[in-house]
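Before any comments, here is the structure.
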Amino acid sequence: MNTADHDRLLIIDFGSQVTQLIARRLRELNVYCEIHPFQNVTDAFLTEFAPKAIIFSGGPDSVMREGSPRPPRKAYEMGVPILGICYGQQVMMQDLGGKVEAGEHATAEFGRAYVTPTETRSDLLAGWFMDGTGREQVWMSHGDHVSEIAPGFDVLGTSPGAPFAITADTERRFYAVQFHPEVHHTPNGKTLYQNFVQLAGFTGDWTMGAYREEAIRKIKEQVGNKRVICGLSGGVDSSVAAALLHDAIGDQLTCVFVDHGLLRLNEGEEVVAMFRDHMNLQVIHAQEQELFLGELDGVSDPETKRKIIGRLFIDVFQKYANQIEGAEFLAQGTLYPDVIESVSFSGGPSVTIKSHHNVGGLPEKMGLKLVEPLRELFKDEVRELGRELGLPDSFIGRHPFPGPGLAIRCPGEITREKLEILRKADAVYIDQIRKHGLYDEIWQAFVAILPVRTVGVMGDGRTYDYACALRAVTSVDGMTADYYPFSHDFLGETATRIINEVKGINRVTYDITSKPPGTIEWE
Ligand code: XMP
């Protein structure tokens, strides 16, 4: 079975900021869907994709602008249900003979709004308007609005700024809403999607078990009897990719784990023990601490550190990979959001804040073909797949850890002494967080060792040791973040433990900067 054997839903992306959330809601309903930018959706594409239903996303454009994005006419002629959202509603109305007006005439609406029903018998609204208030909270974000609905449509719900908030042509199974049911601020939005996919006849056949079977079959088909190399970082994505590949092709897979000497306490040994000893993967533990720390000696500029680590990582990876005879494939843990971003038509290049270290150019450089078994998954689906593959929860739920490791948590010059102190302090901090049951509430927590020594007093003696900063943030995707509001009791207890248990630190501070203006890491 492959994805083509599942019921497939097509989301035509008109550039809304929240299109990915539509896909999330549908995946939660066990519906297989793909997002494609409107430019790519041609008649031929529609025939090949053969969707069982289509959703038109929102978007920033105005349907009244000449040349604004449209779906192909064929979308309406396939006999499949369509749901239009916001811009998608306006497109549908205009395409099918209705009218849209610009927002100047008083009906632009942004933010929370309340929809009341004019017709509740529609299957699209099953489970709506049931809480006794007679209305539903929805999230609006539109300038233009529909001023005349297309022939064949009925109005099912209205809001003060959108007389045609919910519209339906039941016969053709075309539905269109002015608000965004996919966002959190439309609390009952998921029900609307559920009703839509039910109307369209989806059976909810997209499960992780099915995905795993299918992914294994695809990997076997792609790789045949050739060898595959996988860079293991200890992070969730590469770990799940490796476990999945191992399930599919066993010993044809060799993993390379590069230890650059910038890992956390016992991390290298733990990762290798888990994959090699417990899961029986072939793992090369590239012990290159001397090389990395040697080249970083005396370097304190953050970008220079990152560049050195990135360059050495590629060199080292290549060196070990070259020893694996007959390797033709390189496995990568690319996720669906990376894939969508790379075809996004609205996103321009953004300023480089930090040069992220990755192995982007490696496959071409080494003449290897790519295997990307997680390309269709979101992060939380990767975690679910990891569980399905038997990776321990403690591993799957781990906070993200950056490629350059502790180097960017050690502002100023990196020395072995500082790294040693940092590792111990970090271990105490994380232990505290786990003991207080806070680990899963926090996106990322770590210690940074500061390039200053401060005076303290312990017992009867003077100390002159390093200061450190604790960092903990909440975040959804790492793009923005808030500092975590620990209690003062927690902070006090943690500071005492670090100073008592870690020789070399005599002062602890808590970093209360959010992102922006700060970044999560210190460098
Ligand atoms: P910043 O510090 O930019 O970090 O707010 C955002 C997220 O990205 C992680 N990060 C990296 N991850 N290679 C990575 O794989 C890198 O070079 C890198 N730099 C930052 C950081 O830990 C946070 O989760």
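Numbering of ligands and ligand atoms starts at 1, following listing order.
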>> Checking Ala407 now: which residues fulfil side-chain contact (heavy atoms from CB on, under 4.5 Å) with it, not counting sequence neighbours?
In response: Leu262, Ile309, Ile414
> Can you name the residues that form a side-chain contact (heavy atoms from CB on, under 4.5 Å) with Asp277, not counting sequence neighbours?
Replying inline: Ala273
> Does ligand 1 have any atom sitting under 4.0 Å from a heavy atom of Arg306?
Replying inline: yes
> Does an N or O from Arg409, backbone or side chain, lie closer than 3.5 Å to an N or O of ligand 1?
Replying inline: no
For [X], take its heavy atoms, then give the atoms of ligand 1 lying under 4.0 Å from any of them.
| X | result |
| --- | --- |
| Gly478 | 6 (C) |
| Thr519 | 1 (P), 2 (O), 5 (O) |
| Lys515 | 1 (P), 3 (O), 5 (O), 6 (C) |
| Pro404 | 13 (N), 16 (C), 17 (O) |

>> I want to check a possible cation-pi pair here: Arg27 against Phe378, using under 6.0 Å from ring centre and within 45° of the ring axis as the test.
In response: no
>> Does Arg409 qualify as a cation-pi partner of Phe446, given the criterion of NZ or CZ under 6.0 Å from the six-membered ring centre and within 45 degrees of its axis?
In response: yes
>> Counting only heavy atoms, tell me which of Pro516, Ser475, Gly403 gets closest to atom 15 (O) of ligand 1.
In response: Gly403
> What part of Met479 sits under 4.0 Å from ligand 1 if we count only heavy atoms: the side chain, the backbone, both or neither?
Replying inline: neither
> Charged N to carboxylate O below 4.0 Å: is that the case for Glu303 and Lys307?
Replying inline: yes
>> Below 30° counts as parallel, above 60° as perpendicular, anything between as tilted: where do the rings of Tyr429 and Phe490 land?
In response: tilted
